[in-house]
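All remarks here apply to the structure that follows.
Protein chains get the first letters and strands the later ones, always in sequence-line order, with residue 1 at the start of each.
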Protein chains: 2
Amino acid sequence: MKPLQKPNDPLSNFSLQVFHMNGLLMRSGDIITSSIGQSSARWQVLGRLGHGTQTVANIARDMGLARQSVQRIADALTKEGLAVYQDHAADRRTKIITITSKGAEVLNAIYVQYAQWNQHLMTKLNLEQLETIADALNKVGRVIEEEINSYLTDKNNVEVPNE
Amino acid sequence: MKPLQKPNDPLSNFSLQVFHMNGLLMRSGDIITSSIGQSSARWQVLGRLGHGTQTVANIARDMGLARQSVQRIADALTKEGLAVYQDHAADRRTKIITITSKGAEVLNAIYVQYAQWNQHLMTKLNLEQLETIADALNKVGRVIEEEINSYLTDKNNVEVPNE
DNA sequence: AAAATATTGACAGCATGCTGTCAAACTGGT
DNA sequence: ACCAGTTTGACAGCATGCTGTCAATATTTT
C-alpha cells in the first residue's frame with residue numbers, strides 16, 4: 001500500500017501557512033477582547049451593531065455565518081446588556097437588535113485596544129507586503145470559491161441527474 | 001463619542017482575507033473528507049498516525065493543538081476502529097495509538113480525493129503565486145508571533161511583577 | 001383571495017476548539 | 001532513595017461554528 005506520505009505539495013504548504021496565520025490572528029483578537037471580558041465573535045457582532053440597527057438574519061448574511069450562530073451571540077450580548085431587542089413594527093417575526101450605551105462603551109474600549117495593537121504591529125510589518133498578500137489571497141480565493149461551487153454543482157448533477 | 005466606524009486599515013483587510021481563505025480551505029477539506037464520512041480534524045490526526053506510531057500528547061504538540069482536543073478525536077477514531085490504543089511498556093501512563101488497516105484505507109481514500117482536488121485546482125492556480133503567498137505569510141507570521149509573545153510577556157510582567 | 005414558498009427566531013443537538021482539575025506515573029535534583 | 005515538579009490521560013464543562021425541525025409570519029405565485 002501507499003506509504004501515506006506527509007503532503008508536501010504547494011497547495012498543502014499554502015494551506016498550512018493560511019491556517020497558521022488564521023490562528024495567530026484569532027489569538028490576537030482573543031487577546032485584545034479578553035482584557036475587556038469579550039471574545040472575537042462578540043466583537044464582530046457588536047461591531048455590526050455599531051454600524052446601525054439590524055436583524056439577526058441580516059447580520060448573519062453579512063458576515064457569511066449561519067443564522068443561528070449569530071443568534072446565539074446576539075442573545076448573549078442582550079443578556080449582558082450590551083444590546084437590546086426591539087419589536088419590529090413592519091415584521092412581527094423579527095426583532096431589531098440595537099447596541100446599548102454600555103455596548104458602545106465596550107465596543108469602543110475594544111477599538112482602542114485594537115488600534116494600539118494595530119499601530120504597534122504596523123511598526124514591525126511592511127504595509128505594502130500586507131496589501132500585496134491581501135490582494136493575492138483575494139484573487140486566489142475567488143478561484144477556489146468558484147471551483148468549490150462548480151464542484152458542488154457537478155456533484156449534484158451526477159447524484160441527482162433527473163429534474 | 002467615536003462613530004465606531006468599520007475598520008478599513010491594511011491589517012484589518014489583511015485579516016479579513018486570511019479569514020476568508022481559511023474558510024474556503026476548511027470547506028474544501030470538509031468536502032473532501034465528508035464523502036468518506038470523515039472530517040478535516042479526523043483527517044489531520046489520522047494523517048499523523050500514518051507517519052508512525054505516536055502518543056496523543058505528542059501529536060497535539062506537533063499539531064499545535066491542545067492535548068485534549070486531540071484526545072477526543074483519537075478516542076473517536078479508536079471507537080470507529082480506525083485506530084487502536086496499545087499499552088506502552090516504557091510509560092504506563094500513556095497509550096500508544098496506531099492506525100489500523102481500516103484506518104489506513106480511509107486515509108488512503110481521503111488522499112486520493114485530495115490528490116484529485118489538488119490536481120484540478122492547480123490547473124486554475126498559479127504555482128508561483130501560491131509559493132509567494134506562503135512565503136510571505138510565513139514571514140509575517142513570524143513577526144506577529146513574536147509580537148504576541150512579547151505582548152504576553154510584558155503583560156505578565158506588569159500584572160505579576162513579584163516572584 | 002388562496003395556496004405555495006421563503007424567511008425568521010426558538011429550540012435542540014453535534015463537532016471541534018479551549019480550559020481546569022485530578023490521580024497516576026515519570027523525571028530530575030539533591 | 002526521596003521529594004518536588006512535570007507530563008499524561010480521564011472527566012467535566014465552556015465557546016463558537018454547524019445542522020435540522022418547528023411554528024409564526026411574510027412574500028410570491030397563481
Side-chain angles (χ1 to χ4, degrees), chain A residues 19-20 22-31 33-34 36-46 48 53-80 83-97, chain B residues 19-20 22-31 33-34 36-46 48 53-80 82-97 163:
Chain A
F19 292 152
H20 186 221
N22 188 74
L24 290 175
L25 295 176
M26 293 289 283
R27 212 180 331 153
S28 306
D30 285 342
I31 291 172
T33 51
S34 71
I36 319 206
Q38 292 296 316
S39 69
S40 293
R42 307 283 189 84
W43 176 18
Q44 293 279 93
V45 173
L46 213 47
R48 298 301 171 124
T53 286
Q54 300 267 352
T55 66
V56 164
N58 252 319
I59 295 171
R61 264 190 300 269
D62 272 13
M63 295 176 65
L65 294 183
R67 195 163 37 95
Q68 300 298 19
S69 309
V70 175
Q71 185 78 51
R72 187 159 16 77
I73 297 192
D75 287 350
L77 290 175
T78 299
K79 190 176 274 180
E80 293 172 19
V84 282
Y85 286 124
Q86 297 171 315
D87 284 349
H88 189 177
D91 186 338
R92 266 180 294 172
R93 289 171 308 179
T94 71
K95 297 170 187 173
I96 290 217
I97 185 166
Chain B
F19 292 153
H20 186 221
N22 189 74
L24 290 175
L25 295 175
M26 292 289 282
R27 213 180 331 154
S28 305
D30 285 341
I31 291 173
T33 50
S34 70
I36 316 197
Q38 291 297 315
S39 69
S40 293
R42 307 281 188 84
W43 177 17
Q44 293 280 95
V45 173
L46 212 48
R48 298 299 171 123
T53 285
Q54 302 267 351
T55 65
V56 163
N58 252 320
I59 295 171
R61 263 190 300 270
D62 272 13
M63 294 176 66
L65 294 183
R67 193 163 39 94
Q68 300 298 18
S69 308
V70 175
Q71 185 77 50
R72 186 158 17 76
I73 296 192
D75 288 349
L77 290 175
T78 300
K79 189 175 275 181
E80 293 172 19
L82 306 184
V84 282
Y85 285 123
Q86 297 172 315
D87 284 348
H88 189 177
D91 185 340
R92 266 180 295 169
R93 290 171 306 177
T94 72
K95 298 171 186 171
I96 291 217
I97 184 166
E163 163 209 343

Report summary line: Residue pair B/Asn58/A/Gln38 against DNA chain D: nearer the 5' end by closest nucleotide is B/Asn58
Query raised in the report: Base, sugar-phosphate alone, or nothing: which one does A/Ser40 contact when heavy atoms must sit under 4.0 Å apart?
Result: nothing
Report task. Using a 4.0 Å heavy-atom cut-off across all strands, classify B/Ala57 as base, sugar-phosphate, or nothing. Result -> sugar-phosphate
Query - Nearest-0.5 Å distance, CG of residue A/Leu25 to NE2 of residue A/His20 - result: 10.0 Å
Query raised in the report: Which heavy atom in A/Arg67 sits nearest to a heavy atom in A/Val56, and how many Å separate them?
Result: O-CG1, 3.9 Å
Query raised in the report: Can you check whether A/Ile59 reaches A/Ile97 side chain to side chain, under 4.5 Å on heavy atoms?
Result: yes
Report summary line: A/Arg93 meets the salt bridge (charged side-chain N to carboxylate O under 4.0 Å, His left out) criterion, sequence neighbours left out, with A/Asp91
Report task. Measure the CZ-CD distance between B/Arg48 and B/Gln54 for me, rounded to the nearest 0.5 Å. Result -> 8.0 Å
Query raised in the report: Taking five pairs at each end, how big is the angle between the two axes of the helix from C/dA1-D/dT30 to C/dT30-D/dA1, to 10°?
Result: 30°
Report summary line: Heavy-atom nearest nucleotide on DNA chain C taken for B/Gln68 and for B/Ala76; more 5' hit belongs to B/Ala76
Query raised in the report: Do A/Gln38 and A/Leu77 come within less than 4.5 Å of each other through their side chains, counting heavy atoms only?
Result: yes
Requested in this report: Flag yes if more than 12 heavy atoms outside A/Met26 fall under 6.0 Å of its CE atom; otherwise flag no.
Outcome: no
Report summary line: Contacts of A/Val70 and A/Arg93 projected onto DNA chain D by closest heavy atom; the upstream (5') one is A/Val70
Query - Between D/dA24 (P) and A/Lys95 (NZ): distance, integer Å - result: 15 Å
Report summary line: chain A reaches DNA chain C, atoms under 4.0 Å from its heavy atoms, from C/dT7 to C/dC11
Query raised in the report: So what does A/Thr94 hit on the nucleic acid, given a heavy-atom distance under 4.0 Å: a base, only sugar-phosphate, or nothing?
Result: sugar-phosphate
Query raised in the report: Does B/Trp43 reach the side chain of B/Ile36, with side-chain heavy atoms less than 4.5 Å apart?
Result: no
Query raised in the report: Which part of the nucleic acid does B/Ala66 contact within heavy-atom distance under 4.0 Å: base, sugar-phosphate only, or nothing?
Result: base
Report task. Mind calculating the distance between CZ (A/Arg92) and C1' (D/dT27) to the nearest angstrom? Result -> 14 Å
Query raised in the report: Atom NZ in A/Lys95, atom CG in A/Asp87: separation rounded to 0.5 Å?
Result: 8.0 Å
